Amino acid sequence: MTFRAAFIAGPTASGKSAAALNVAEALGGEIVNADAMQVYADLNVLTARPPAEDLARAPHHLYGVLDGDERCSAGRWARMAAAVIADIQGRGRLPVIVGGTGLYFRALAEGLSPVPEAPLEVRAAAKERLAHLGREAFYAEVIAQDPEMARLHINDTQRLLRAWEVYEVAGAPLSAYQSMPPEPLLTGAIFKIVLEPHRDALYANCNKRFDAMLENGALEEVRALAARGLEGDKPVMKSLGAPELMAVLKGERTLEAAAAAAKMATRRFAKRQMTWFRGQAGDWARASASDAAADAVISAVKTGSA
């Protein structure tokens, strides 16, 4: 078997990036980001984006490629990633896809329903419509267009906006597209592995990582986000640590209290990621440490057996 790509997934602070870098160096590969927050140019410190010295060791793709004012769905990311992966494979190199956003891996591996993308002007119109009607009336309008969206909570504005946008662009409900068979994005065998560190070690790494973020300018990064006036529902404003540090800037929390809250939020997020990968990626290989994960990928790609 010839593996055409490698997936390295796992919770935050588990050592995924280090594993991917070792694999890329050993096999002449190129790294593709599969983390929902690392796609944003505004988030460098808070997402622990690979430093310059790592970027110099192997090509990295889809890091910091979107503005903080944009929204990146799993579908949008998967289409970008598929194009990047095809280019990497076309040059005879191994794509190493690494991240902690499980839905991104699923979209890439299993394909996507052919939901149309909405242009920027339609997205802007959707937000204006929501602001004009108010949450309840906008919710009712979306349900009238697409009764299947009644499964969404009235506060799930991101998905409600998406449903409105699709109807505006295509004249058909989002649910109709979601019921269509997925379109495959990748071909060929993929070696897939999940990093599953011991919980205590993982939580300790989460705490250390946030301390390092503070030392490297996380508060200043959030200050820059605030200066842009981005709305609170933007994904970048919900990144781990951003809400807590924003509260510091508003004088609502001390830095010490914000750090403690951010660390707790990070640990809880890591736990949810672990739960997702246990339930949704049960047939993937497992490793408890970064080096072991890298060794497993390297061995599988070289020998052609998992």
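For clarity, every value in this text was computed on a predicted model and none was experimentally measured. In this chain, numbering begins with 1 at the start of the sequence shown.
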Got a donor-acceptor contact below 3.5 angstrom from the [X] side chain to the [Y] backbone?
X	Y	result
Tyr139	Leu152	yes
Arg49	Tyr40	yes
Ser179	Ala176	yes
Glu221	Val45	yes
Lys16	Pro11	yes

**Ionic contact status for Arg129 with Glu165, cut-off 4.0 Å** =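 A salt bridge is absent here (no side-chain N lies under 4.0 Å from a carboxylate O).
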**Message:** For Asp67, is there an ion pair with Arg228 - N to carboxylate O distance below 4.0 angstrom?
**Reply:**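 Looking at Arg228 and Asp67, the cut-off is met.
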What is the distance from atom [atom1] of [X] to atom [atom2] of [Y], rounded to the nearest 0.5 Å?
X	Y	atom1	atom2	result
Asp35	Leu43	CG	CG	9.5 Å
Leu160	Leu174	CG	CG	10.5 Å
Leu120	Glu70	CG	CD	6.5 Å
Asn33	Trp77	CG	CH2	7.5 Å
Leu108	Met80	CG	CE	11.5 Å
Ile97	Ile85	CD1	CD1	4.0 Å

**Request:** Find out whether Lys192 and Asp283 are in side-chain contact, i.e. whether some heavy atom of one side chain is under 4.5 Å from a heavy atom of the other.
**Result:** no
**Item:** Centroid-centroid distance, Trp284 to Phe105, less than 6.0 Å
**Value:** yes
**Request:** Given side chain to side chain contact (heavy atoms under 4.5 Å, CB included), test Arg267 with Lys271 step by step and report yes or no.
**Result:** CA-CA 6 Å; Arg267 295 192 300 269; Lys271 182 179 180 180; over 6 Å; no
**Message:** Are more than 12 heavy atoms, taken from residues, nucleotides or ligands other than Arg278, located less than 6.0 Å from that residue's CZ atom?
**Reply:**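 Yes, the 6.0 Å shell around CZ holds more than 12 heavy atoms from other groups.
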